[in-house]
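Start at 1 and go down the list; that is how both ligands and their atoms are numbered. Quantities reported herein were computed from a predicted structural model and do not represent experimental measurements.
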Amino acid sequence: MNCIFCKIIKGEINAYKIYEDDIAIAFLDINPDSMGHTLIIPKKHFQDLDDIDVNTLNHIFKIAKKLKQKIENTLNCDGLTLIQNNGSIQEVKHFHLHLKPFYINKKDKSLEEVYQLLK
Ligand code: AMP
């Protein structure tokens, strides 16, 4: 299978990884919609919301709760949206939950700078 997120998990492709445990990892989106845009993915390949089991989903949302606090406290965003795409609007066919911070006044730091703050 030629899955880019599986390659990130295996370390074959670099990513700005900000969280890892036995079940999941989180890393910065390479093309962020806003500063701190993060993706949480399971290490096991599930395609989408239909495919993923509820225990893994629950684990991913536990990580989302932790990272939401960390992103808010570190980057001082004014809001944060969770998004999970399925079907034709899902670009990468490996389940992922987007955490997208929102800023009233647009703030921009490089991926490297954000990574140094959140890692
Ligand atoms: P989706 O439309 O929900 O499938 O979004 C896929 C997301 O993955 C997009 O926001 C991409 O910018 C992001 N993405 C694709 N390739 C990479 C990569 N190698 N590292 C980090 N993020 C990526």
What is the nearest protein non-hydrogen atom to [atom], stated with its residue, atom name and distance?
| atom | answer |
| --- | --- |
| atom 6 (C) of ligand 1 | His96 NE2, 3.4 Å |
| atom 10 (O) of ligand 1 | Asp29 OD2, 2.5 Å |
| atom 4 (O) of ligand 1 | Glu91 N, 2.7 Å |

Number the atoms of ligand 1 from 1 as they appear, then name those within less than 4.0 Å of a heavy atom of [X], with their elements.
| X | result |
| --- | --- |
| Leu28 | 21 (C) |
| Asn31 | 12 (O) |
| Asn85 | 1 (P), 2 (O), 3 (O) |

Would one find an N or O of [X], backbone or side chain, under 3.5 Å from an N or O of ligand 1?
| X | result |
| --- | --- |
| His98 | yes |
| Gln90 | no |
| Val92 | yes |
| Ile30 | yes |

Considering residues, nucleotides and ligands other than [X], do more than 12 of their heavy atoms fall under 6.0 Å from its [atom1]?
| X | atom1 | result |
| --- | --- | --- |
| Lys44 | NZ | no |
| Lys109 | NZ | no |
| Asn73 | CG | yes |

Heavy-atom distance under 4.5 Å between the side chains of [X] and [Y], does that happen here?
| X | Y | value |
| --- | --- | --- |
| Leu97 | Phe61 | yes |
| Ile9 | Ile25 | yes |
| Phe5 | His45 | no |

Just to check, does [X] reach to within less than 4.0 Å of ligand 1 when the distance is taken from its heavy atoms?
| X | result |
| --- | --- |
| Tyr16 | no |
| Gln84 | no |
| Ile83 | no |

Verify, without hydrogens or angle tests, whether Lys100 (side chain) and Ser34 (backbone) share a donor-acceptor contact under 3.5 angstrom.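 No; judged by distance alone, with no hydrogens or angles, the pair does not exist.
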Quick one: does any side-chain atom of Glu91 pair with a main-chain N or O of Asn85 as donor and acceptor, under 3.5 Å?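 The answer is no, because no donor-acceptor pair under 3.5 Å joins these two groups.
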Using a 4.0 Å heavy-atom cut-off, which part of Leu39 comes near ligand 1: side chain, backbone, both, or neither?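 Just the side chain.
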Looking only at heavy atoms, is any part of Ile89 under 4.0 Å from ligand 1, and if so is it the side chain, the backbone, or both, or is it neither?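 Backbone only.
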Start with the C-alpha gap between His98 and His96, add the side-chain angles, then the distance that decides, and say whether ring-ring contact (aromatic ring centres under 6.0 Å, His included) holds. CA-CA 6 Å; His98 294 255; His96 51 282; 5.1 Å; yes
Shortest non-hydrogen contact between His59 and Asp21, atoms and distance: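 For His59 versus Asp21, the nearest heavy atoms are NE2-OD2, 2.6 Å.
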